[in-house]
Number of protein chains: 2
Amino acid sequence: MKNLPHKTIERLSQYRRALLICAAKGKTHIFSHEIAKIQHITPVQVRRDIMLIGYTGTLRKGYNVQELIDLIGDIIDTKEGLNVAVVGIGNLGHAMINYFNGKRTKLSIVAAFDNNPDKIGRVFSGVRCYHIDEMAGIIKQDNISIGIITVPAGSAPEISEKLVESKIKGILNYTAKPVNVPNQIYLEEYDMITSLEKVAFFVKTHISDNS
Amino acid sequence: MKNLPHKTIERLSQYRRALLICAAKGKTHIFSHEIAKIQHITPVQVRRDIMLIGYTGTLRKGYNVQELIDLIGDIIDTKEGLNVAVVGIGNLGHAMINYFNGKRTKLSIVAAFDNNPDKIGRVFSGVRCYHIDEMAGIIKQDNISIGIITVPAGSAPEISEKLVESKIKGILNYTAKPVNVPNQIYLEEYDMITSLEKVAFFVKTHISDNS
DNA sequence: GAAAAATTGTTAATTATTTAACAAAGAGTT
DNA sequence: AACTCTTTGTTAAATAATTAACAATTTTTC
Ligand SMILES: NC(=O)c1ccc[n+]([C@@H]2O[C@H](COP(=O)([O-])OP(=O)(O)OC[C@H]3O[C@@H](n4cnc5c(N)ncnc54)[C@H](O)[C@@H]3O)[C@@H](O)[C@H]2O)c1
Ligand SMILES: NC(=O)c1ccc[n+]([C@@H]2O[C@H](COP(=O)([O-])OP(=O)(O)OC[C@H]3O[C@@H](n4cnc5c(N)ncnc54)[C@H](O)[C@@H]3O)[C@@H](O)[C@H]2O)c1
């Protein structure tokens, strides 16, 4: 059960988000095909994911919404939660802090770092911005496990190195530049340009299919 | 050759970005293992992707950087380029426009839409914001093929419907709420919370592995 | 000029992920 | 009580993606 596929982890996070909305509406049970509809995937996929985490619904009644929320929480959350830092408080970094702030979750953005003197010491949506040189100290002091990189792409490798030196456990890199980290640090990268170009490619091929 | 794997498309976009940087530095040839190092994937993967697009390097010299850039362009770009619109000019939408603006590429953000009267008519980093009700008209008039959704999650389904009615060809949805679109429209969804929770999960399991 | 080293291109094998198939069982219906 | 419908849980099959293996060939070295 400890070896859940990466894709399953992603979907569990999404299921939970959908389930929380259902719970808020007072829905107590849900069928696999209902979850599937929301996520636009197949019901089999949903059942399989739920099987993998060892939960069992009731036949003809579906899954108990609250139980499933709790179980997903047991799997993807830590009891005490994890602390997160954002590095690079430009447009994207600021948007992230603002967005996450207020979402009740086990993950808290507790610090920000930048190298621009105008930003140091300021508080953005409740999160204080420190100078990048204070990183190691603050990460240790505040027990920060995850760093989100939103500096300009060119500075990403340097920042990633600093995060590694600061003993970060996981990195989420939003710049267009891939970074290298030691194996024991979990790295997730996402590049918006790539996504947009991917959409463009499939739009292009669809268009030429139809004509 | 028309049936390239989705993952290959994504990597081609990334290779090109890296190659452009190499070209700018005056590098004329590159080996598969060099590209692989940059993207932290295996050289085999690189060679396989390049094989799939039908390009051939020279033995012992590697790939011609400019030729490869051009070929990737032939595959993922359209000759005339495609126009893009952003719907929802809040923090994220604004960040996107600002970021893409100035990047020379075949994709141009040419319009923005919002329902907040304070934003209508304003120009954000060179892109004019229109009222959401004008969407169908502007999309047709400006020949916009791709819509990026950055409204609050709750409004995503409604916006996606409007985009579909406006005959959009592809949608990139950055809200946490999955949307449903007809089959012939290409949909790409990305949810930052999911990514962060995924990192958190693997950080958690690594931590408990080590202790 | 023969041997060694490096590098591509491609087929085959492996691994990961999704989908299909279907038995089992609860709930309603006649 | 038998029958039908629905829905879960799970195994098996199919599909997608990655990695390994290696022949072929060019360059360099001796
Ligand atoms: N804005 C977007 O929507 C968007 C979209 C796709 C990708 N990105 C990526 O996100 C990154 C940031 O984008 P942005 O639009 O927020 O840029 P930005 O220029 O607005 O912000 C960058 C911030 O990083 C800080 N910074 C620069 N160098 C630094 C360093 N060495 N150490 C610490 N801080 C440093 C700057 O002071 C600034 O505050 C870029 O790499 C870009 O690739 C952004
Ligand atoms: N900001 C981030 O870093 C971030 C991170 C993850 C996800 N997101 C997603 O991006 C979306 C936007 O985030 P944000 O931080 O930019 O929010 P925001 O509130 O700053 O911006 C939302 C914008 O959409 C406009 N809007 C609202 N309803 C609309 C409607 N019906 N039609 C047209 N326009 C409408 C608002 O006027 C506002 O300008 C959210 O759904 C969120 O899930 C944002």
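In what follows, every heavy atom counts, from backbone to side chain, and hydrogens, waters and symmetry copies are set aside. A, B, ... follow the sequence lines: proteins, then strands. Residue 1 opens every chain.
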B:Asn3 has an atom CG; how far is it from atom P of D:dA16, in whole Å? 9 Å

Expressed in angstrom and rounded to an integer, what is the separation of A:Ile53 atom CD1 from D:dG9 atom C1'? 13 Å

Heavy-atom side-chain contact between B:Lys177 and B:Pro157 under 4.5 Å: yes

Report yes if some heavy atom in the side chain of A:Ile159 is under 4.5 Å from a heavy atom in the side chain of A:Ile132; otherwise report no. yes

Short of 4.0 Å, heavy atom to strand atom, which residues of residues 191-200 of chain B count as contacting DNA chain D? none

Rounded distance (Å) that lies between atom P of D:dT19 and atom CD1 of B:Ile41: 9 Å

Please table the atom pairs, donor to acceptor, closer than 3.5 Å between any side-chain atom in residues 27-38 of chain A and protein atoms at least two apart or in another chain.
{"from": "A:Lys27", "atom 1": "NZ", "to": "A:Glu34", "atom 2": "OE2", "distance (Å)": "3.1"}
{"from": "A:Glu34", "atom 1": "OE1", "to": "A:Phe31", "atom 2": "N", "distance (Å)": "2.7"}

Check whether B:Thr8 reaches the backbone of B:Asp49 with its side chain - one donor and one acceptor, N or O, closer than 3.5 Å. no

Scoring nucleotides 7-17 of chain C by protein non-hydrogen atoms under 4.0 Å (B base, S sugar-phosphate only, - none) yields BBBBBB----S

Work out how much the helix from C:dG1-D:dC30 to C:dT30-D:dA1 bends between its end axes, five pairs an end, to the nearest 10 degrees. 10°

For the pair B:Lys106 (side chain) and B:Leu82 (backbone), establish whether a donor and an acceptor sit closer than 3.5 Å, ignoring hydrogens and angles. no

Separation of atom CD1 in B:Ile9 from atom P in D:dT18, rounded to whole Å: 12 Å

Go through the structure and list residues passing side chain to side chain donor-acceptor pair (under 3.5 Å) with A:His40, not counting sequence neighbours. B:Glu189

Rounded to the nearest 0.5 angstrom, the CG-OH distance for B:Asp70 and B:Tyr55 is 9.5 Å

Non-neighbouring partners of A:Tyr186 that pass ring pair (Phe, Tyr, Trp, His ring centres under 6.0 Å), sequence neighbours left out: B:Phe202

How about NZ on B:Lys103, more than 12 heavy atoms from neighbouring residues, nucleotides or ligands closer than 6.0 Å, or not? yes

Do the rings of A:Tyr190 and B:Tyr190 sit parallel, tilted or perpendicular, given the 30° and 60° boundaries? parallel

